[in-house]
Amino acid sequence: GALALAVFGDINAAGDAVTEVTTSGIKLAGCEIMDKFSIKVVEKALGKDVTKIEALLIMEGDGAKDVVVRDMNRIGEICKKYGVLEYEWTDNPAKREEMMRARGGLVPTLSRIKPGNRLVAIAEDLGVPSTKIPETIRRAQAISQKYNILIATFGHVGDGNVHTTFVCDVRSRDDWDRLKPAAEELVKTCMEMKGTLSAEHGTGLTRAPHIQLQLGPAMEVMRKIKQAMDPDNLLNPGKMGLEKGAKTDIYDYFAFKPLVEHPEGLNSYGKAVDDEVLACIHCGFCRLGCPTFSVTQREARNARGRNALAFYLMNGTIEPSRDLAEAFYSCTTCQACTYFCPARIKVDEIVEGVRKKIYEAGLVPEPILGVRDNILKMNNVFASAKADRIEIYPPALKEKAKTGQLKAKAKTLLFMGCVPSYLDMKMVPSLLKPLDAAKVDYTTLATEEGCCGFPLFLMGAEADFHDRAKRLVEQMKATGAKELVTPCAGCYKTFKKIYPEVVGDLGLEVYHSVHYIEKLMKEGKLKLKGNGKQRVTYHDPCDLGRAFQIFEEPRNIIKAIPGVEYAEMARNRLQARCCGGGGGVSANIPEMAVDMAAERVRDALAVGAEVIVSGCAACKDNLRKGTKAIPKDERGKIKVMDITEFVASAME
Ligand code: SF4
Ligand code: SF4
Ligand code: SF4
């Protein structure tokens, strides 16, 4: 197939061009029109100055190649006749996708026009004779101006479907008061055009106030049929306004009613998170990225399902419950959904907001509470002994730590984290090896190092997290360090982003081991000989990649090691698949975490990798479990290593 894009400075001319195209024997597989308000919304994606554009046509041709080429050229000639500003067409799949990106992103992006605004499904699905489309669009624009309410219009020209899409602050009665007469005027316009109120979307509740206008006397006949078939009105009560005496005021039918009555929010998560909840328009694109949906195929384990639940909790329709807790404590907070979402909804922040409420309601799943108790009682996630935190140190350093000879002050503070200290046998020695080789002046908190509190933050234990943050920052400051280095992605995110929100400036620079190792390599302080020929891929930890866009540093390190043949997985960087090791899921639902890890390992196997390198203790642990879950003949000898370990093993 091929796609043509025609840009017009006059909407009537665009309408005339379409009429001639569709009546001249050219077979179109699709034809879309966008008005100036819609175009403005996707200006960035279009990459054009849109000030002089009134309408955009996207036309799709399909069939034998020579016919498509002929038709696309003829469309160009017709458009030229009507004064097209720009016309281009392509049958290159990548270019076609680029052209469609603006249109695909339009609907969710409408929710991003202003914080707290979102599109509202009311009078948004008109069907008019296709020759009446330009006039309908112009009249919708006039109504928009008259009532000072945004109506962005786009439509499918072939079938006369016009989406007049209202955007407003759904919490504002003032907005609804302007929206209501605007919608009514639009409905009347549609009737004058001899159109229908429902072209392709369901009729349901939103059309109920106006359906009588369209159906006239037929409405009474339909009511009688409904009464005869469903005397107790059990089926779809309220839909289409079919009950006698049904209320047909706009407020009676809206899911937003509780928010209109309580604009401050019945159960607010705070304005910023509430705005995220409202901006989601439930399109479902996030399914493509969500790892928990991928392994369960359940909507309540997908970003959209979680957003819907968050919305109903916010407006007081549902209460915290165990089921709700399972939906939210099964999220890895990986943000993959955000980067598959055209509106970039921050679902991880919504999840964190809901978890706080569930925590306050005392409904947190038991395994998660176990982690909290371990941290509060033993200062680490495993309930291990405090003295054992340094068991993993190399002998000389351990001796110093045990005899109190570690430097009290140093330029660099190393923060190992719980998993590298207690669970992983290689990360701590592997971090120290390059630092020692480069003669870095460092110290550690040794047995006084405790969990950074990230798991407390993730579970919603706000007060405990704040206490911990304040205490740990005091300990850090006492070392006089100018910089902190950690090999744990979770600790990095906690120190870099979350602590400053709680305690302000930490007084030191926070680095992840990938930053530090790359810096030492650039300074020529590390001599690397490699480990022979190896095909290696890199798994982006969510808390480094999507959270901070730390993508190139680890790849630069890996590629600089002699013998490495680097292979990139299909899903990488912003769209990397989450390994399932984050968000507390591996503690709460370990089987599900392993299923997610196995999917990620299969991504690596698909590019022929022999080693998966990552930059996070939790990723390494979970990916190893995922590897073991794959049959031996399929997984071969694939290995999982942390980047510190990969570098240390490649040093001379
Ligand atoms: S979060 Fe999902 S459902 Fe909501 S707007 Fe984004 S992609 Fe659509
Ligand atoms: S943060 Fe990750 S696990 Fe949670 S909803 Fe989004 S994609 Fe799914
Ligand atoms: S984020 Fe780091 S310190 Fe905190 S629990 Fe995880 S490994 Fe331990």
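FYI, the numbering just counts along the sequence from 1. Note that ligands are numbered from 1 as they come in the structure, with each ligand's atoms numbered from 1 the same way.
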- prompt: Taking only residues two or more places apart in sequence, or in another chain, which ones meet Asp373 in a salt bridge (charged side-chain N to carboxylate O under 4.0 Å, His left out)?
  reply: none
Interfacing atoms of ligand 2 (cut-off 4.0 Å, heavy-atom, [X]):
X	result
Gln335	1 (S), 2 (Fe)
Thr333	1 (S)
Arg306	3 (S), 4 (Fe), 5 (S), 8 (Fe)

message: Ignoring waters, how many N, O or S atoms from the protein are under 2.8 Å from atom 6 (Fe) of ligand 1?
response: 1
Decide, yes or no, whether a salt bridge links [X] with [Y] under the criterion of side-chain N to carboxylate O below 4.0 Å.
X	Y	result
Lys48	Glu43	no
Lys357	Glu352	no
Asp621	Arg624	no

query: Closest non-hydrogen protein atom to atom 8 (Fe) of ligand 2, residue and atom name please, with distance?
result: Cys290 SG, 2.4 Å
task: Considering heavy atoms of the protein only, find what lies nearest to atom 4 (Fe) of ligand 2 and give residue, atom and distance to 0.1 Å.
output: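 Result: Cys331 SG, 2.3 Å.
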message: Enumerate the side-chain hydrogen bond (donor to acceptor under 3.5 Å, both in side chains) contacts for residues 326-335, please, sequence neighbours excluded, ordered by first and then second residue.
response: Arg306-Ser330
message: Applying salt bridge (Lys or Arg N to Asp or Glu O under 4.0 Å) to Lys620 and Asp424, what does each step give before you reach the verdict?
response: CA-CA 9 Å; Lys620 181 186 162 189; Asp424 193 282; 2.7 Å; yes
Under 3.5 Å donor-acceptor pairs involving side-chain atoms of residues 115-122, not counting sequence neighbours:
from: Arg118; atom 1: NH1; to: Leu278; atom 2: O; distance (Å): 3.0
from: Arg118; atom 1: NH1; to: Cys280; atom 2: O; distance (Å): 3.0

